[in-house]
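A short worksheet on the structure shown next.
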Amino acid sequence: QVQLVESGGGLVQPGGSLRLSCTTSGFSFSWNTMSWYRQAPEKQREFVASINNYGTTAYGDSVKGRFTISRDNAKNTVYLQMNSLKPDDTAVYYCYTPSDGTWGQGTQVTVSS
């Protein structure tokens, strides 16, 4: 059974940083593309970033230059380093594996002074 468990969310001031983690199990992590999405209240779920098995990355326009996705295949974990956070980044952040269509439970990120 595929499982994705996010962690690392919390409350941070504007301009601050957070690192999210998504620990996985139940599938061949190293061979699969991993993605992060987010959903703010009353908004549609939005693509944030992805990384494929070659390490090639892609980012949503709103986070380019501020967020970095990375992976550790030995730990079956994907990360999202978020810098220069803005109030508009406030959302629930979800980990997603497209090959299986599985979502994590999400972790709340709140950017506020």
Side-chain angles (χ1 to χ4, degrees):
Q1 180 182 1
V2 177
Q3 289 190 321
L4 310 176
V5 180
E6 301 97 333
S7 61
L11 174 64
V12 63
Q13 292 187 343
S17 298
L18 280 176
R19 189 176 83 153
L20 306 183
S21 300
C22 173
T23 302
T24 75
S25 61
F27 68 111
S28 298
F29 176 83
S30 62
W31 291 101
N32 282 274
T33 295
M34 297 300 301
S35 303
W36 287 96
Y37 282 75
R38 67 186 182 185
Q39 188 165 18
E42 300 182 0
K43 292 188 177 180
Q44 289 190 337
R45 196 163 291 190
E46 174 190 21
F47 171 75
V48 175
S50 66
I51 183 167
N52 68 13
N53 57 316
Y54 298 105
T56 303
T57 59
Y59 296 93
D61 288 341
S62 60
V63 307
K64 280 180 183 176
R66 300 188 297 122
F67 291 11
T68 303
I69 189 171
S70 62
R71 65 192 300 158
D72 185 336
N73 290 336
K75 295 182 179 180
N76 292 338
T77 300
V78 61
Y79 303 98
L80 185 68
Q81 177 67 44
M82 306 186 295
N83 299 329
S84 302
L85 283 161
K86 308 173 182 179
D88 284 349
D89 295 317
T90 295
V92 177
Y93 284 71
Y94 297 91
C95 184
Y96 175 66
T97 174
S99 63
D100 186 75
T102 298
W103 295 88
Q105 84 288 350
T107 186
Q108 176 70 48
V109 171
T110 303
V111 184
S112 175
S113 55

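Position 1 is the first residue of the sequence; numbering continues from there.
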How far does OG1 of Thr97 sit from CZ of Phe27, to the nearest 0.5 angstrom?
4.5 Å

Quick one: pull up CE in Met34 and OG in Ser99 and give me the separation to the nearest 0.5 Å.
8.0 Å

Under 3.5 Å donor-acceptor, [X] side chain and [Y] backbone:
X      : Y      : answer
Gln105 : Val5   : no
Glu6   : Gly106 : yes
Arg71  : Asn52  : yes
Thr24  : Asn76  : yes

Is any side-chain heavy atom of [X] less than 4.5 Å from a side-chain heavy atom of [Y]?
X     : Y     : answer
Val78 : Phe29 : yes
Trp36 : Ser50 : no
Ser62 : Asp88 : no
Arg38 : Thr90 : no
Ser17 : Val12 : no

Salt bridge Lys64-Asp61, side-chain N to carboxylate O under 4.0 Å
yes

Between [X] and [Y], which heavy-atom pair has the shortest distance, and what is it?
X     : Y      : answer
Pro14 : Ser113 : CD-N, 3.7 Å
Thr33 : Pro98  : O-CD, 3.2 Å
Arg66 : Asp89  : NH1-OD2, 2.8 Å

Does [X] share a hydrophobic cluster with [Y], counting links as ILVMFWY side-chain heavy atoms below 4.5 Å and allowing steps through other members?
X      : Y     : result
Tyr59  : Leu18 : yes
Tyr93  : Tyr79 : no
Trp103 : Leu20 : no
Tyr96  : Phe67 : no
Ile51  : Leu4  : yes

Pick out which of Thr68, Val109, Val63, Val48 makes a side chain to side chain contact (heavy atoms under 4.5 Å, CB included) with Met82.
Val109

For the residue pair Tyr37 and Phe47, categorise the inter-ring angle as parallel (less than 30°), tilted (30 to 60°) or perpendicular (more than 60°).
perpendicular

